[in-house]
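Let me begin by presenting the structure, written as structure tokens, before commenting on it.
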Amino acid sequence: MLKNLVIVESPAKAKTIEGFLGKDFVVKSSYGHVRDLNKTQLSVDIENGFMPQYEVSPDKKKLIAELKKLAKDTEMVWLASDEDREGEAISWHLFEALGLKEDKTKRIVFHEITKTAIQKAIENPREIDHNLVSAQQARRVLDRLVGYELSPLLWKKVKPGLSAGRVQSVAVRLIVEREEEIKNFESSSAFRITAQFTFEKDGQKHQLQAELAERFEKEEKAREFLYSCVGAGYTITAIEKKPSKKSPAAPFTTSTLQQEASRKLGFSVANTMRVAQQLYESGKITYMRTDSVNLSNLAITMAKEAITETYGEKYVKTRNYTTKTKGAQEAHEAIRPTYLDQPEVKGSADEKRLYDLIYKRTIASQMADAKLEKTQVTIDVSTNKKQFTAKGEVILFDGFLKVYMEGTDDENGEESNHLLPPISKGQQLNLNEMIAQERFTRHAARYTEAALVKKMEELGIGRPSTYAPTISTVQKRGYVVKEDREGTVRNYKVMSLKKDKLSEKTASENTGFEKSKLFPTDIGTLVNKFLCQYFEGIIDYNFTANVEKEFDEIAMGQKEWNLMISEFYGPFHKKIEDTTENAGKFSGEKLLGTDPESGKNIFVKVGRYGPMVQLGDTDSEEKPKFAGLRKNQTMETITLDEALDLFSFPRTLGNYEDKEMTVAIGRFGPYVKHDSKFFSLQKTDDPADIETERAIEIIEAKREKDRNSTIATFDKEPDLKVLDGRYGPYISYKKKNYKIPKGTDPETLDLEACMKIVDNPDNAPKKRFTRKKSSK
DNA sequence: CAGTGAGCGAGCTTCCGCTTGACTT
């Protein structure tokens with residue numbers, strides 16, 4: 001009989017811990033949650049105290065059976081899931097699903113994976129905290145109720161297949177509102193005056209860059225100022241020195257790792273997590289989904305040693321960081337290298353780069369402050385009362401800067417603090433050139449994925465394990481797109497004073513260029529408008545923070561979980577019913593104008609398949625005509641002329657092989673149709689310009705490509721083909737695809753062998769899991 | 001992925017938070 005069975009959440013953790021515990025312990029993993037609400041129905045019994053109806057998750061059936069068998073023959077089961085709300089619930093679900101006995105079960109927790117921490121945990125077991133489990137249950141039920149009542153309402157009122165939820169809808173709101181802010185932003189310009197001075201000291205020539213403290217809104221005033229400096233002398237009248245320091249940033253959490261990897265390595269949030277997972281699984285870093293900035297004592301000791309050895313003792317300053325994040329649950333350590341004596345690891349290029357970032361951030365966090373000296377120099381102008389200032393910064397002691405400096409999201413990095421030449425008070429300066437350059441104010445920056453995560457974390461919305469999936473969800477639903485956008489050229493005025501002569505010119509710059517930024521789509525904007533209008537409370541930025549307070553009360557045993565849910569659900573559900581009944585279709589319909597040919601109205605609106613234009617009124621006798629918007633068109637910017645162009649399809653071309661060709665625009669872009677087959681246009685083709693000749697070219701090019709990807713065909717069975725596709729060779733038969741078993745050379749297949757493959761159910765195409773409903 | 005859009009109505013879609021692989025037709 002087995003003595004001890006320990007169950008943790010992650011298999012990599014299980015492996016490490018098993019090494020610490022010795023042969024009397026077997027350590028297994030639950031792979032996260034093991035039970036959940038059924039996803040095909042609400043699974044919350046509203047009439048009976050909102051009782052959730054749990055079931056073992058389909059992908060956990062096998063695992064639970066295994067664990068159950070193991071637990072039966074074990075003297076003591078130790079539930080060692082994380083010490084937070086979700087972790088406590090996982091332990092309780094395991095207890096229930098495995099049918100454990102209280103006297104044979106213990107609950108233990110630890111925040112760091114070290115031998116002492118585990119042994120201490122084993123010596124201090126406790127029982128499952130049912131209040132904490134109730135708080136998780138409240139969280140789970142609330143999210144289900146919100147998601148599963150709001151989403152169907154969107155299907156009815158806006159468009160099928162949409163979704164809404166406590167987290168994703170706020171993420172979309174942030175992006176939509178930022179876009180509106182940008183749209184309403186009015187840029188203003190002012191003239192910034194900079195001067196380059198020279199002087200000689202001890203036979204050496206020096207330069208000094210300075211800026212006028214004041215900016216001029218009007219071009220005329222800037223010009224006046226430059227003129228006023230003609231023939232002027234310049235003198236340094238004050239030098240002010242101030243000591244300052246910089247401290248290192250805290251070790252990485254999930255959110256800060258995503259931000260830095262985005263800023264410094266250009267990683268998407270999903271890529272960062274994928275690479276971090278690989279590093280974690282190969283034992284190189286600690287757990288990557290965490291909101292804690294805490295390092296274990298062991299880690300701090302290791303860091304101290306590494307810093308002392310490489311940089312010397314005066315670079316060491318050990319620190320304990322505390323989180324400032326709202327709602328942080330700190331079940332894990334910060335993200336750090338497992339072994340701090342390893343500055344480099346083997347692995348893919350991405351793994352190496354991400355590890356390097358984690359290594360440096362961790363080491364720097366335990367290093368001394370950088371000591372600086374900031375200098376401000378004041379320069380008087382003899383011909384007027386205005387003053388220039390020059391700023392400089394000297395690093396007296398580099399400290400942690402030797403290793404790592406946190407990146408910034410600030411795109412207005414105009415101010416540069418450079419080294420100053422040897423200056424002294426009273427020094428006379430010569431003006432080399434003075435420039436007045438028109439500078440424009442900038443709108444707030446659009447969100448990158450990582451910047452959105454940062455904002456969500458500030459609002460306490462979402463968790464480390466959901467940041468990346470949420471960003472992917474809002475893109476999958478078509479609410480948000482991640483795109484590059486080209487900028488526009490803008491002119492600005494430059495005036496220069498050199499050798500007492502004024503010259504003026506107009507220069508141009510590219511502005512508004514965006515790389516990998518999040519933009520709202522028409523659907524995202526419309527859904528946000530709908531939710532703002534009818535469910536302001538749910539997408540309020542403080543909604544999560546407020547319900548979190550109540551979850552905390554439940555966790556402390558001060559409130560019943562289902563009472564909390566009931567208080568929320570009453571008004572919420574009433575609003576759902578009201579809106580279902582009283583609100584009309586929410587299509588964002590807008591009249592664009594009238595068709596000059598027929599005089600009928602042309603609208604733009606969201607239809608069953610997305611944004612479209614409509615020719616003719618919905619309630620008119622004659623059925624209106626519809627056409628979907630192209631990818632680069634939006635409901636807000638489409639013009640009447642563009643709408644009319646969309647109605648010019650399908651357009652008939654000449655014949656080819658005695659069959660008619662047409663050109664049209666469909667769901668997947670423009671295409672040529674011939675003999676009831678479809679041929680997609682190239683990106684460079686404009687469907688408005690396609691004529692017979694080009695259409696034939698496109699058809700022939702497609703046929704050629706098909707021929708090249710055909711491995712074998714058979715005269716006896718024209719429906720069967722061996723083809724080479726995206727994922728390698730496969731068999732196509734009667735519009736269904738079959739995989740070829742491993743180790744079979746597709747070139748050698750004859751018809752008989754193919755039919756054998758087709759008939760073998762193992763090779764049958766995978767069907768989407770659909771629940772069979774009993775027929776009535 | 002497959003080239004639609006009213007209305008009729010069946011049947012489908014959907015949440016957040018914990019975890020990894022499987023493996024694309």
Side-chain angles (χ1 to χ4, degrees), chain A residues 8-13 29-37 39-43 57 59-60 63 81-82 84-87 89-90 93 136 139-155 159-169 277 281 287 289 331 461-467 469-470 473 477 544 587 605-610 612-614 616-620 622-628 649-650 662 664-671 673 677-678 680 723 725-733 735-740 763-766 768 770-771 773:
Chain A
V8 296
E9 291 181 37
S10 141
K13 202 173 175 179
S29 155
S30 77
Y31 294 82
H33 272 296
V34 294
R35 297 201 307 177
D36 194 12
L37 306 172
K39 79 185 190 65
T40 60
Q41 52 203 322
L42 189 65
S43 308
S57 310
D59 58 332
K60 296 291 165 59
L63 175 77
S81 49
D82 299 342
D84 58 16
R85 205 161 60 202
E86 297 297 327
I90 288 174
H93 280 299
Q136 191 275 346
R139 199 281 304 154
R140 181 70 191 90
V141 168
L142 177 87
D143 283 337
R144 173 52 68 95
L145 291 172
V146 169
Y148 273 42
E149 294 212 352
L150 270 183
S151 302
L153 185 63
L154 290 177
W155 305 341
K159 178 177 165 322
L162 296 177
S163 67
R166 176 176 58 82
V167 172
Q168 59 166 286
S169 296
Q277 176 92 28
E281 280 174 19
Y287 197 57
R289 291 187 275 260
I461 294 162
R463 303 278 311 133
S465 68
T466 61
Y467 294 140
T470 300
T473 300
R477 297 275 172 274
T544 290
S587 69
K605 66 201 257 195
V606 169
R608 169 90 177 65
Y609 303 103
M612 62 175 186
V613 284
Q614 176 180 327
D617 290 274
T618 304
D619 50 12
S620 71
E622 201 184 337
K623 182 177 162 4
K625 263 178 90 177
F626 303 96
F649 300 102
T662 53
I665 297 168
R667 167 113 167 71
F668 306 105
Y671 62 92
K673 193 172 169 187
K677 288 193 183 72
F678 298 91
S680 288
L723 300 170
R726 197 147 57 106
Y727 309 111
Y730 65 99
I731 294 172
S732 161
Y733 179 58
K735 298 208 166 165
K736 278 188 180 168
N737 298 319
Y738 301 83
K739 63 181 173 191
I740 294 169
N763 304 318
K766 286 256 187 308
R768 277 266 158 78
T770 45
R771 179 165 277 266
K773 286 246 164 129

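Below, chains carry the letters A, B, ... as their sequence lines are ordered, and counting in each starts from 1.
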For A:S163 and A:Q168, does a side-chain donor sit closer than 3.5 Å to a side-chain acceptor?
yes

Any side-chain donor paired with an acceptor under 3.5 Å for A:R35 and A:S57?
no

Please report, rounded to the nearest Å, how far the [atom2] atom of [N] is from the [atom1] atom of [X].
| X | N | atom1 | atom2 | result |
| --- | --- | --- | --- | --- |
| A:E281 | B:dT20 | CD | P | 6 Å |
| A:Q168 | B:dT13 | CD | C1' | 13 Å |
| A:K39 | B:dC16 | NZ | P | 14 Å |
| A:D59 | B:dT20 | CG | C1' | 9 Å |
| A:E86 | B:dT19 | CD | P | 9 Å |
| A:I90 | B:dT20 | CD1 | P | 11 Å |
| A:R289 | B:dG17 | CZ | C1' | 10 Å |
| A:L37 | B:dC16 | CG | C1' | 10 Å |

Using only heavy-atom distances, decide whether a donor-acceptor pair under 3.5 angstrom links the side-chain of A:R140 to the base of B:dC15.
yes

Is there side-chain contact between [X] and [Y], with at least one heavy-atom pair below 4.5 Å?
| X | Y | answer |
| --- | --- | --- |
| A:Q614 | A:K625 | no |
| A:Q277 | A:R289 | yes |
| A:T618 | A:K605 | yes |

Using a cut-off of 6.0 Å, state whether more than 12 heavy atoms not belonging to A:K159 lie near its atom NZ.
yes

Can you tell me, in whole Å, how much space there is between the [atom1] of [N] and that of [M]?
| N | M | atom1 | value |
| --- | --- | --- | --- |
| B:dG5 | B:dT25 | P | 28 Å |
| B:dT24 | B:dT4 | C1' | 27 Å |
| B:dC1 | B:dG21 | P | 27 Å |

What is the nucleic acid contact for [X], judged by heavy atoms within less than 4.0 Å: base, sugar-phosphate only, or nothing?
| X | result |
| --- | --- |
| A:S620 | nothing |
| A:G165 | sugar-phosphate |
| A:S10 | sugar-phosphate |
| A:K673 | nothing |
| A:V167 | sugar-phosphate |
| A:R477 | sugar-phosphate |
| A:A12 | nothing |
| A:E149 | nothing |
| A:L162 | sugar-phosphate |
| A:R144 | base |

Sub-3.5 Å donor-acceptor pair from the side chain of A:S151 to the main-chain atoms of A:G147, do we have one?
yes

With a 4.0 Å limit, can you tell me whether [X] has a side-chain N or O closer than that to the phosphate oxygens OP1/OP2 of [N]?
| X | N | answer |
| --- | --- | --- |
| A:Q277 | B:dT20 | yes |
| A:R166 | B:dG17 | yes |
| A:T466 | B:dG17 | yes |
| A:Y287 | B:dT19 | yes |
| A:S163 | B:dC15 | yes |
| A:S30 | B:dT19 | no |

Counting primed atoms, P, OP1 and OP2 as sugar-phosphate and everything else as base, the B/S/- map of nucleotides 2-8 of chain B against protein heavy atoms under 4.0 Å is BBBBB--

Report the residue (A:D82 or A:L42) whose heavy-atom-nearest nucleotide on DNA chain B is the more 5′ of the two.
A:L42

Are the charged groups of A:D36 and A:R144 less than 4.0 angstrom apart, N to O?
no

Proximity to the side chain of A:D84 - top-ranked nucleotide from B:dC18, B:dT19, B:dT14:
B:dC18

Enter the distance from A:L154:CG to A:R477:CZ here, rounded to the nearest 0.5 Å.
11.0 Å

